[in-house]
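For ligands, and for the atoms within them, numbers begin at 1 and follow the listed sequence. These numbers come from a predicted model, not from an experiment.
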Amino acid sequence: MKTYLIFLYLYPLLGIGLAFIVTTERNIDLVPKQTQINNSVDTFNHFSDVMNEFERLENWSRLCNISQTAHTDFNIVCIIKGNSSIKFSEFRNFTDKVSSNIRFDLSVTCEEGIIHFPWPFRADKLHSIYIKDCRIKDYRTDYKNQLINSIPDTIKHLQMDNVTIILRSQEFYDSISKANSAITRAAECGPENAFSIIRRGTKVNFEDLHNYRLYDFTTAFAQSNHYFNIQKTTCLYNNLEVFELSRMKGLTRSTISKIFHTDIAQNLKILNFSGNGMSDTIYKLQGLRLRFPVMEYIDFSNNHIKVIPMIRDYGMTVKKTTPVGIIDIRRNEITSLTKGMIDLFSTHEFVKVDITENPLLCDCGIIEVMEYLSSKTMPKAYDYLGSLECANPSNVRGRKLISLSPTELNCNKDTVVNIPVVVLIIITITLVIITLLTFIYFRNKIKVNLFSILNKNVAT
Ligand SMILES: *[C@@H]1O[C@H](CO)[C@@H](O)[C@H](O)[C@H]1NC(C)=O
Ligand SMILES: *[C@@H]1O[C@H](CO)[C@@H](O)[C@H](O)[C@H]1NC(C)=O
Ligand SMILES: *[C@@H]1O[C@H](CO)[C@@H](O)[C@H](O)[C@H]1NC(C)=O
Ligand SMILES: *[C@@H]1O[C@H](CO)[C@@H](O)[C@H](O)[C@H]1NC(C)=O
Ligand SMILES: *[C@@H]1O[C@H](CO)[C@@H](O)[C@H](O)[C@H]1NC(C)=O
Ligand SMILES: *[C@@H]1O[C@H](CO)[C@@H](O)[C@H](O)[C@H]1NC(C)=O
Ligand SMILES: *[C@@H]1O[C@H](CO)[C@@H](O)[C@H](O)[C@H]1NC(C)=O
């Protein structure tokens, strides 16, 4: 009876359908599928169909709640506590059995529990997947399983928050691409039809680190690099608007550079690499707009970037309606604003590089740079530069660049000593004096020598 109450709650408007249900209560399974029509009867059959199948999953049905959110849409919410666990393969078997037009949204939150979920979590009819706080086992076990490529790639949204991947050494070793055994396209690209792929705060742990030395990872990695250099699988993310890999430690360069250089993601609007401990932006951002024509935001905030990447527009003109794309380099380790940076910023119209909240050192040079800035015609997006705040030295901490005066920084322009020039002058004067002294001292000898050389030459 409980089932019907839920149904009533979800479909208060489907009075007719409900009446039908009640009268056919005992004949649920007798309604032939062929006679299904697109009305509330159909809804009802989806409902029982899905519920019955779901009930058969021992652990899933115990740990998860399933509800119908729309005609053919089902929401599954799981909380995995203590030492319980669920297996993705079981879920995959389940989705195979229900009618083809059903869609599932799956949300799994762990409170200590473990889930056995092999990347890329591919199951027919799975529309979105959200995983939070879980320890994931078997993550790489399907990396070379060719069958995964044949499962329909239905995921539209994938998000993992704060998960810990627990690897076995052998699982890791086996999952590395080798010359004669590549990982599948599914494993390499993940959900290619997705609109968003978000992985936030992922950690990786080995459950048997003591076995790590049993495998020759050095050779495996070398082979793998070689293999990928040859193969270069291009993933086609035709829908992708948001791609995020953030708050991760030990992110490999190839993971990041792939989306920048190899894959196709023409509709990408947000690219997020925030908080990964990256010391540079890794990729050249030249030609950025050519690869990502509608890019709105590239987030490199909270890293350790010291140098701003090269950005060029290659003569590309941008429609007035195109939003200015933001390259967010806030909270990194940029310590100075230089003329070079201002030149760089002045050359492109379609991006704004945001360097606020960096630990700027306000020395005498900054005054000159500010003067240079005011002499340039800058895109409007850079009006903010004057409002950047100093982090050092302490007497001007928190002050805006525009408010600084030369006296305050102990560098009155007239008395500024240009050290390289002074050194050059001293060296020159010293050299001249030495030459003079030497000349005077050896004057006579030189005369004699010159004389004898001339003589010799004449004689021969
Ligand atoms: C069922 O009807 C809805 C509108 O009521 C329509 O959008 C949907 O495509 C139909 N589905 C099928 C399988 O005919
Ligand atoms: C499922 O629903 C029951 C009753 O509403 C609730 O107590 C339980 O916490 C829910 N479980 C999950 C995983 O949401
Ligand atoms: C879960 O752990 C508790 C002790 O922490 C144990 O008593 C119980 O048997 C375990 N349950 C299962 C299903 O392993
Ligand atoms: C169900 O959970 C129990 C206890 O965690 C576990 O031993 C068992 O393997 C699980 N079964 C499946 C099919 O996941
Ligand atoms: C899923 O189905 C396959 C093939 O039917 C079977 O081998 C496997 O054991 C099933 N997995 C689970 C967890 O039930
Ligand atoms: C991440 O997950 C762990 C459990 O795996 C939990 O203890 C921790 O509080 C979580 N951190 C955040 C920031 O949610
Ligand atoms: C990027 O990720 C960080 C950390 O997960 C998040 O706080 C930030 O809002 C994201 N930025 C964008 C533009 O989505």
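Atom numbering of ligand 4 starts at 1 in the shown order; those under 4.0 Å from a heavy atom of Lys87 are 9 (O), 12 (C), 14 (O). Near Asn65, the atoms of ligand 2 lying under 4.0 angstrom from a non-hydrogen atom of the residue are 1 (C), 2 (O), 3 (C), 8 (C), 10 (C), 11 (N), 12 (C), 14 (O). For ligand 7 and Arg247, the ligand atoms under 4.0 Å from any heavy atom of the residue are 4 (C), 5 (O). Numbered from 1 in the order shown, with element, the atoms of ligand 2 that lie under 4.0 Å from a heavy atom of Leu63 read 13 (C). Within ligand 7, counting atoms from 1 as listed, the ones closer than 4.0 Å to a heavy atom of Tyr297 are 13 (C). Those atoms of ligand 2 with a heavy atom of Ile79 less than 4.0 angstrom away are 13 (C). Here is the list of ligand 4 atoms found below 4.0 Å of a heavy atom in Ser85: 5 (O). Contact atoms of ligand 7 toward Arg200: 5 (O) (distance under 4.0 Å to a heavy atom of the residue).
A salt bridge is absent between Glu244 and Arg199; no separation between the charged side-chain nitrogens and carboxylate oxygens falls under 4.0 Å. We find that Glu192 and Arg185 are joined by a salt bridge, their nearest charged nitrogen and carboxylate oxygen being less than 4.0 Å apart. Salt-bridge annotation for Asp263 and Arg291: absent, with no side-chain N of the basic residue lying under 4.0 Å from a carboxylate O of the acidic one. Between Arg331 and Glu357 there is a salt bridge, with a side-chain nitrogen of the basic residue lying less than 4.0 Å from a carboxylate oxygen of the acidic one. Looking at Asp73 and Arg103, a side-chain N of the basic residue comes within less than 4.0 Å of a carboxylate O on the acidic one, giving a salt bridge. Using a 4.0 Å cut-off between charged side-chain N and carboxylate O, Asp153 and Arg122 make a salt bridge. Here Glu171 does not pair with Arg140 in a salt bridge; the nearest charged N to carboxylate O distance is not below 4.0 Å.
Looking at Asn83, Asn59, Ile114, it is Asn59 that brings a heavy atom closest to atom 14 (O) of ligand 4.
Taking only nitrogen or oxygen atoms, main chain and side chain alike, Ser274 does not reach within less than 3.5 Å of ligand 7. Considering backbone and side-chain N/O atoms, Asp299 comes within less than 3.5 Å of an N/O atom of ligand 7.
The shortest contact between atom 4 (C) of ligand 7 and any protein heavy atom is with Ser246 OG, 3.6 Å. Atom 3 (C) of ligand 7 has as its closest protein heavy atom Asn272 ND2, 3.6 Å.
In this model, no donor atom of one side chain and acceptor atom of the other lie less than 3.5 Å apart for Asn272 and Tyr297.
Note that atom 9 (O) of ligand 7 has no protein non-hydrogen atoms nearby, at separations under 4.0 angstrom.
Classified by interplanar angle (parallel below 30°, tilted 30° to 60°, perpendicular above 60°), the ring pair Tyr382/Phe345 is parallel.
For the pair Lys125 and Phe74, the cation does not sit on the ring face, since its NZ or CZ is not both under 6.0 Å from the ring centre and inside 45° of the axis.
The proximity of Glu90 to ligand 4, defined as any non-hydrogen pair under 4.0 Å, is limited to the side chain.
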